[in-house]
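Below: one structure, written as structure tokens.
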Amino acid sequence: MKIFVPIKRVIDYNVKVRIKPDNSGIEQTNVKMSINPFDEIAVEEAVRLKESGKATEIVVVTIGPEKAQEVLRTAMAMGADRGILVTTEEAIDLGAIEPLMIAKCLKSLIEQEKPDLVIMGKQAIDDDSNQTGQMLSALLGWPQATFASEIVTEGDSTTVTREIDGGLETLKVKMPAILTTDLRLNEPRYASLPNIMKAKKKPLDVKALDDFDLNTTPRLKLISVDEPPKREAGEKVENVDALIDKLKNEAKVI
Amino acid sequence: MSILVIAEHDNEELKPSTLNVVTAAKEFGEAIDILVMGENCQKVSKQAASIQNINKVYCMSDAQLKNHLAEPLTAGTMQIVKGDSYKYIMSPASTFGKNLLPRISALLDVQQISDVTEVVSASSFKRPVYGGQAIATVESNDDVKVITVRVTAFDAAEAEGGQAQVTEVAFNPTEDFGSTFVRLEVAQSERPELTGAARVVSGGRALGSKENFKMIEDLADKLGAAIGASRAAVDAGYVPNDYQVGQTGKVVAPELYIAVGISGAIQHLAGMKDSKTIVAINKDEDAPIFQIADYGLVGDLFDILPELTEKL
Ligand SMILES: Cc1cc2nc3c(=O)[nH]c(=O)nc-3n(C[C@H](O)[C@H](O)[C@H](O)COP(=O)(O)OP(=O)(O)OC[C@H]3O[C@@H](n4cnc5c(N)ncnc54)[C@H](O)[C@@H]3O)c2cc1C
Ligand SMILES: Nc1ncnc2c1ncn2[C@@H]1O[C@H](COP(=O)(O)O)[C@@H](O)[C@H]1O
């Protein structure tokens, strides 16, 4: 079984982001970048499937700037076998490159690579779109199981437990299929130093997004990026009685 | 021509989230149709028809639609969308809508706008990004606008008094969808539903165990509140996954939100900072949660919770 894992390079989840003074986007220079946390979980799941003898090859792919090869190396240090970097100069966080375009590019790569399973994140923590996996599934006509917290592959199908608003849902999808990860699927490993060194020698293909026959005109125009309404800190109260008094007589919520 | 709202329901009841989407849809000032897909969903269709100012309701009832799997729902929606020229297709930004709408968007070759919190004009919208650390205003150039709506940003539409006509349509499946439903584990609770609750009490890692989390339940019951949790509390197994509030859990905006033993990570704030009144109880006076709390109480939750529950 061959597994294909699309990963995105995003601002690290611990960073408090800064809005550019001209409100045209988020400041990306001199900011710590990392692999999108959900995608790291996707890589980990693929590596576990390989370790358990179910998967034979793991291909990781990212669409982004030259520097995005860092996240491919991280994934290869975790255990992926090879990487594909599709380069673009355009902004991938909120700007020109949108989920629909990413899904189309991934579709074209998948038609070449012919994986049995695609495991990807449910959401990129920059655009918070939560779209790409579902779009890819629809475009390919492959079944989807999103927001996975447990994945069991057996024969030509995969049973997936999904985190949904009402609780947990279990589905069985025929492979090839698209799965998207939720946070509780696994805890990603740290790459060891020897594995980081080894990853540097693993094959990495570089392609240009422009060479894919896609219409890359953005459908959404980013008009502005602004601060959310600011919430002022209130006051500290002395004790439980003071709190109850405030809630009753000031906020009038109880 | 008009707007199609895809209803969220469980074959028994229309979910209140659909009412919030209708309110968002009204901002476009065009006729609103509602599509109800499921099995034996005639009752739900009637509920949809009694929402005020609805043009018509489609009821598509079929065994294959029973469990709301994304693939058959996509086929059902495409069937309706092809026969009409909808300008907007909308659903709540719940796990239901998030699972379905991007598929429809891809098949229509348009770029979905996720999690809309404000309709600025017929083609421009506001949506939170970076876990709510920024608000993006985007303008769509697509002919059809596929939109998921953040339900806490819009009031519920009037659920009674409408008299839209219900049209039954057959589901004409053409393919093997490749996915089958196995089971659903619904967390049963007598308490109000988290997303729509007027009051929410949330507990964090500091509760320390499933048993201790009962202290949160006691306070919630005293207040008639729903229960929420931080990711850390869910990961530790104190509560089920559907209690998680935050960037990747549920977004809530109740009248009163009480955060107990929660530090206030960006990802948690993303799910609750639009609450009207926020109370934080934490023993660390520098915990970030205090920066957005209206009322902060510094102290040990194991002393404060029992006292608060008792005195209320
Ligand atoms: C991609 C991603 C998505 C995420 N999504 C979410 C999400 O949707 N929701 C979410 O909540 N988190 C999310 N997180 C996790 C988030 O970053 C935090 O790790 C998490 O919110 C911390 O939970 P906590 O506040 O309960 O725990 P901690 O940060 O450990 O805080 C515990 C708090 O309890 C206080 N405390 C300890 N003992 C006591 C006591 N006896 N009395 C009173 N106070 C006490 C401490 O002072 C501390 O402030 C996400 C993380 C990532 C990477
Ligand atoms: N530029 C990208 N390159 C590779 N994969 C991506 C890219 N953008 C998004 N993805 C994948 O799609 C998932 C969902 O992203 P989104 O729909 O943007 O929230 C991510 O978790 C990744 O797995």
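Numbered from 1 within each chain, the chains take letters A, B, ... in sequence-line order. Note: hydrogens, waters and symmetry copies are ignored here, and every other heavy atom, side chains too, is used.
Ranking B:Val129, B:Val138, B:Ile135 against chain A, the residue ahead of the rest is B:Ile135, based on heavy-atom pairs under 4.5 Å. Residue with the most contacts toward chain A among B:Ile104, B:Leu194, B:Val298, B:Leu184: B:Leu184 (heavy-atom pairs, distance under 4.5 Å). Contacts with chain A were tallied for B:Asp274, B:Ile304, B:Val110; B:Val110 has the most, counting heavy-atom pairs under 4.5 Å. The candidate from B:Leu256, B:Val120, B:Leu100, B:Asp10 with the greatest count of non-hydrogen atom pairs under 4.5 Å with chain A is B:Leu256. Of the listed residues (A:Ala177, A:Gly167, A:Pro218), the one with the most heavy-atom contacts under 4.5 Å to chain B is A:Gly167.
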Decide yes or no on side chain to side chain donor-acceptor pair (under 3.5 Å) for B:Ser140 and A:Arg219, but give the supporting numbers first.
CA-CA 6 Å; B:Ser140 165; A:Arg219 311 299 186 77; over 6 Å; no
Just do the side-chain contact (heavy atoms from CB on, under 4.5 Å) check on B:Leu69 and A:Leu171 with the steps written out, would you?
CA-CA 9 Å; B:Leu69 299 194; A:Leu171 298 182; 3.2 Å; yes
Could you walk me through whether A:Gln131 and B:Gln111 satisfy the side chain to side chain donor-acceptor pair (under 3.5 Å) test, starting with their C-alpha distance in whole Å, then the side-chain angles of each, then the deciding distance to 0.1 Å, before giving a yes or no?
CA-CA 9 Å; A:Gln131 299 176 6; B:Gln111 176 54 52; 2.7 Å; yes
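Counting only heavy atoms from C-beta outward, the side chains of A:Ile125 and B:Gln247 approach each other to under 4.5 Å. In this structure, A:Asp128 and B:Asp115 have side chains that are not in contact, with every pair of non-hydrogen atoms separated by 4.5 Å or more. Annotation: side chain of B:Asp242 is not in contact with side chain of A:Glu163 (no heavy-atom distance under 4.5 Å). Between A:Leu183 and B:Thr248 there is a side-chain heavy-atom pair separated by less than 4.5 Å. With a 4.5 Å cut-off on side-chain heavy atoms, A:Gln144 and B:Arg103 count as touching. Between B:Glu139 and A:Leu220, every side-chain heavy-atom pair lies at or beyond the 4.5 Å cut-off. Side-chain contact between A:Arg162 and B:Asn99 is present, with at least one heavy-atom pair separated by less than 4.5 Å. Side-chain contact between B:Asp235 and A:Arg184 is present, with at least one heavy-atom pair separated by less than 4.5 Å.
For a residue to count as touching a neighbouring chain, one of its non-hydrogen atoms must lie under 4.5 Å from one of that chain's; by this rule B:Ile278 touches chain A with backbone and side chain alike. With a threshold of 4.5 angstrom between heavy atoms, A:Ala251 approaches chain B through its backbone and through its side chain. Using a 4.5 Å cut-off between heavy atoms, B:Lys273 contacts chain A through both its backbone and its side chain. Proximity to chain A (any heavy atom under 4.5 Å) is shown, for B:Glu175, by neither the backbone nor the side chain. Interface residue B:Arg127: only side-chain heavy atoms are found under 4.5 Å from chain A. Only the backbone of A:Asn239 comes within less than 4.5 Å of a heavy atom in chain B; its side chain stays farther off. If you measure heavy-atom distances from B:Ile266 to chain A, the contacts under 4.5 Å come from the side chain alone. Residue contact with chain B, scored on non-hydrogen atoms closer than 4.5 Å, involves the side chain of A:Ile26 exclusively. Contacts of A:Ile19 with chain B are made by side-chain atoms alone, with heavy-atom separations under 4.5 Å and no backbone atom involved. For B:Glu193, no part lies near chain A; criterion is any non-hydrogen pair under 4.5 Å. Of the atoms belonging to A:Tyr13, heavy atoms from both backbone and side chain fall under 4.5 Å from chain B. Within the 4.5 angstrom heavy-atom criterion, only side-chain atoms of A:Leu243, from C-beta onward, approach chain B. Contacts between B:Thr74 and chain A at a heavy-atom distance below 4.5 Å are absent for every atom of the residue. For a residue to count as touching a neighbouring chain, one of its non-hydrogen atoms must lie under 4.5 Å from one of that chain's; by this rule A:Lys230 does not touch chain B.
Here B:Asn141 contributes atom CG and A:Thr217 contributes atom OG1; the two are 9.0 Å apart, rounded to the nearest 0.5 Å. To the nearest 0.5 Å, the span separating CG on A:Asp245 from OH on B:Tyr295 amounts to 9.0 Å. The distance from atom OG1 of B:Thr137 to atom CG of A:Leu222, rounded to the nearest 0.5 Å, is 8.0 Å. Rounded to the nearest 0.5 Å, atoms OG1 (A:Thr161) and CZ (B:Arg183) are 6.0 Å apart. Taken to the nearest 0.5 Å, the CG atom of A:Asn130 stands 8.5 Å off from the OG1 atom of B:Thr148. For the atom pair OG (B:Ser179) and CD1 (A:Ile178), the distance works out to 12.5 Å, reported to the nearest 0.5 Å.
With hydrogens and angles ignored, the 3.5 Å screen pairs a side-chain donor or acceptor of B:Arg199 with a backbone N or O of A:Val253. The backbone N or O of B:Thr95 sits less than 3.5 Å from a side-chain atom of A:Asp165, completing a donor-acceptor pair. Of the possible polar contacts, one joining the B:Gln133 side chain to the A:Val17 backbone as a donor-acceptor pair under 3.5 Å is found. When atom types are taken as modelled, the side chain of A:Arg231 and the backbone of B:Ile292 share a donor-acceptor pair closer than 3.5 angstrom. Using a distance-only test at 3.5 Å, with no hydrogens or angles considered, no donor-acceptor pair links the side chain of A:Lys174 to the main chain of B:Phe177. Proximity of a side-chain donor or acceptor of A:Gln134 to a complementary backbone N or O of B:Leu101 within less than 3.5 Å is not detected.
A donor atom on one side chain and an acceptor atom on the other are not found under 3.5 Å apart for A:Asp127 and B:Tyr130.
A cation-pi arrangement is found for A:Lys236 relative to B:Phe290, the charged atom lying closer than 6.0 Å to the ring centre and inside a 45° cone about the ring normal.
By the 4.0 Å N-to-carboxylate-O rule, A:Lys104 lies close enough to B:Asp109 to be salt-bridged with it.
More than 12 heavy atoms of other residues, nucleotides or ligands shown are found within 6.0 angstrom of CG on A:Asp226. Applying the 6.0 Å contact sphere to CG of A:Asn249 captures more than 12 heavy atoms from other residues, nucleotides or ligands. Enclosure of atom NZ in A:Lys2 by more than 12 non-hydrogen atoms of other residues, nucleotides or ligands within 6.0 angstrom is indicated.
Under the side chain to side chain contact (heavy atoms under 4.5 Å, CB included) criterion, B:Glu310 pairs with no residue, sequence neighbours left out.
Smallest separation of non-hydrogen atoms from B:Gly132 and A:Pro228: O-CG, 3.4 Å.
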